[in-house]
Number of protein chains: 4
Amino acid sequence: MVGRPRSEASRRAILEAALRLCERDGYPNVTLKAVAAEAGTGRQTLYRWWNTKADVLLEAMTTIVAPRIPPSPPDLRSFLLDTFALTDGVAGRVVVGLMAEAQSDPDLAERLRTLLIGPRRAALRKVLEGALSSHADLDLTVDMIFGAMWYRLLNRHAPVDAALAEEITDLVRRIS
Amino acid sequence: MVGRPRSEASRRAILEAALRLCERDGYPNVTLKAVAAEAGTGRQTLYRWWNTKADVLLEAMTTIVAPRIPPSPPDLRSFLLDTFALTDGVAGRVVVGLMAEAQSDPDLAERLRTLLIGPRRAALRKVLEGALSSHADLDLTVDMIFGAMWYRLLNRHAPVDAALAEEITDLVRRIS
Amino acid sequence: MVGRPRSEASRRAILEAALRLCERDGYPNVTLKAVAAEAGTGRQTLYRWWNTKADVLLEAMTTIVAPRIPPSPPDLRSFLLDTFALTDGVAGRVVVGLMAEAQSDPDLAERLRTLLIGPRRAALRKVLEGALSSHADLDLTVDMIFGAMWYRLLNRHAPVDAALAEEITDLVRRIS
Amino acid sequence: MVGRPRSEASRRAILEAALRLCERDGYPNVTLKAVAAEAGTGRQTLYRWWNTKADVLLEAMTTIVAPRIPPSPPDLRSFLLDTFALTDGVAGRVVVGLMAEAQSDPDLAERLRTLLIGPRRAALRKVLEGALSSHADLDLTVDMIFGAMWYRLLNRHAPVDAALAEEITDLVRRIS
DNA sequence: TCGTAACCGAGACGGTACGTCCCGTCTTGCG
DNA sequence: CGCAAGACGGGACGTACCGTCTCGGTTACGA
């Protein structure tokens, strides 16, 4: 026998509530109790399908935020402009919170790499393949470009904006 | 009346206990209750002198960990080797935890920049000044070098080790 | 149209499962969820035909336990021996649990009196009519005899056994 | 070292809140969560000193209700009048609830006998010693008198009032 | 004989109490 | 007056059961 099927409405409501609260209160101040309340759902419904706050927000990122990412444009400049634009909202806060949590949760770290970080790395790598003459330093370049982005996202000593995209594009053009 | 002076012994015990628990359990799993217990100190003693977990660990970083940092050597290669060596212990975990917490605590973010991140940026900048012919991209280069370090620290797709130091040194040498 | 008739098998299974769990876990620890599971039945089937745990167990008492009560013998001694023998099993636990629940459920209290307690009172009264010369204290005597039984059932300072039946019979014989 | 002493105010507040809720909602509908809320106390404070609802209410009975019981008068009639008067309030509801819970908690049953039921039995026994010529049936008589009381308390087919006290006194006088 | 209405199991739903943990504050006595 | 101890009010945790709701599948009557 089958039983009542899972409610897609509750699933969406929970994921969206989690993002909303993350935006309002910041990742570490989000509680699963508040997510359930905000989603108008029972607490058990949440725990039935996810184990932790990170689980919920990781799924929110992959099923709600990720589809909004535009398809990778072929040139580095556009790619960086698109990518950096994304960081300026919930997505940034969430992914930083997930990253922090992943530091003491190897399983989450693994999924984070596979589902979120890895694909973006691959996309940047592909774009760089067309831009760099030498392929020797491809991975290092990826690390340094996304590194600069992450570093600024976290430390906020400078914005992750169009200007950064232009500067990086210039630099890459010169050394290639 | 002046009363009894603050116990330096308790202060050290608390800072060291905080680092020890951070190493053992990871930053987000450390509780101030556990720190007090580990330090053999009362809870109120802790709250009398610090407000939050981040406060304690920030002070632990500046007074226990920072003095262990060797004085900046003049060449980039040595600087990076020294710096990357530091990340491979509690220091890395703590600073990542602080950074994550700073995302929703502007005051902590400010102190983090002033006390920990800023000085290292300044040191790298100084070293780079001797290495780069053009000074145009100095800040961007700092961002990309430390960015790569942070990015790997967080995402763990590759180690922050001597090899990375060498690769970065090479790259900088070529473009300068 | 009439539709599928109620499953007598499920009904029996539920009533018997309820008694079984009452015996094993005690009335207050029985949950309707566990009853349904034990009976191998759906939860809705249970709620379709009964409203509460008390409903189920009251029906279990009247349709499964009550029929096992032997027909009232004419003499007090035999009546008490039969009655007291019944208390030494699930029946005692269930009826005490129902009684406790009835304290805050007037409707259940009413049904309990009508279906379980009243008939036994009437039976004892009838037996006593033959034994007591004066009818003045008939109701009081019923209260005191069944009272002693209940009191011991609940407080367990002494057993409800054949010895009690003999003592009561003696006492009644003397005062009649 | 000593630590902060237990708050007598919280203790009283909890015991009184428990009785108040018992009166308002009935023993089985009282939750420890609601007791803490009603008492204006933290939930942990409650669990620190008591394990279960029954623990709380047993202490409430012994420290708040029991002291109100007048000292045992020498004659049976007065004793029963006093005793029956007590049953007509929270005390009755609570003690019935405790008794029901004790059916599946042997430890509670033991404490209930020792702290509440036993002393009342002893008191009635003492009063009866002066009233009954034969001591043979002393315990049985205690069982039947308190039994009648309990039976009516639970089943509510007749009140536990002055009339009952008079009837029982009469009956005892006649058979003694 | 076959449609259909009410049954059945399974199990997810929103809700709420459970007992535990930690928070940051407070109240003791000792040094 | 700092300190350790530890109780305080508060609130989130993850679990269990509540009573309700949907599913797909199963009878057994009556058209």
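Each chain gets a letter, A, B and so on, in the order the sequences are listed, and its residues count up from 1. The model shown is predicted, which means the values in this text are computed figures rather than measured ones.
Residues meeting the salt bridge (charged side-chain N to carboxylate O under 4.0 Å, His left out) test with Arg43(A), sequence neighbours left out: none. A search for salt bridge (charged side-chain N to carboxylate O under 4.0 Å, His left out) contacts involving Arg4(A) returns nothing, not counting sequence neighbours. In this structure Arg20(D) satisfies the salt bridge (charged side-chain N to carboxylate O under 4.0 Å, His left out) test together with Glu38(D), sequence neighbours excluded. Every residue meeting the side-chain hydrogen bond (donor to acceptor under 3.5 Å, both in side chains) condition with Glu16(D), not counting sequence neighbours, appears here in chain and number order: Arg12(D). Arg93(D) meets the salt bridge (charged side-chain N to carboxylate O under 4.0 Å, His left out) test with no other residue; sequence neighbours excluded.
What separates NZ of Lys53(A) from P of dA12(F) is a distance of 12 Å, to the nearest Å. As a whole-Å value, the separation of Trp50(D) CH2 from dA7(F) P is 13 Å.
Near DNA chain E, defined here as any heavy-atom distance below 4.0 Å, the residues from residues 7-23 of chain C are Ser7(C), Ser10(C), listed numerically. Heavy-atom distances under 4.0 Å link DNA chain F to Thr31(A), Leu32(A), Lys33(A), Arg43(A), Gln44(A), Tyr47(A) of residues 25-49 of chain A, given in residue order.
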Using atom types as modelled, flag every donor-acceptor pair under 3.5 Å from a side chain in residues 94-101 of chain B to any protein atom, sequence neighbours excluded.
unit_1, atom_1, unit_2, atom_2, d
Glu101(B), OE1, Tyr27(B), OH, 3.4
Glu101(B), OE2, Tyr27(B), OH, 3.3

Give every donor-acceptor pair under 3.5 Å between a side-chain atom in residues 56-67 of chain B and any protein atom, sequence neighbours left out.
unit_1, atom_1, unit_2, atom_2, d
Glu59(B), OE1, Trp50(B), NE1, 2.8
Glu59(B), OE2, Arg11(B), NE, 2.8
Glu59(B), OE2, Arg11(B), NH2, 3.0
Thr62(B), OG1, Leu58(B), O, 3.3
Thr62(B), OG1, Glu59(B), O, 3.1
Thr63(B), OG1, Glu59(B), O, 3.0

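Side-chain contact check for Leu32(A) versus Tyr47(A): some heavy-atom pair is nearer than 4.5 Å.
Note on Arg4(C): a side-chain N or O is less than 4.0 Å away from OP1 or OP2 of dT27(F).
Each of Arg6(D) and Thr52(A) was assigned the nucleotide of DNA chain F with the nearest heavy atom; the assignment lying further toward the 5' end belongs to Arg6(D).
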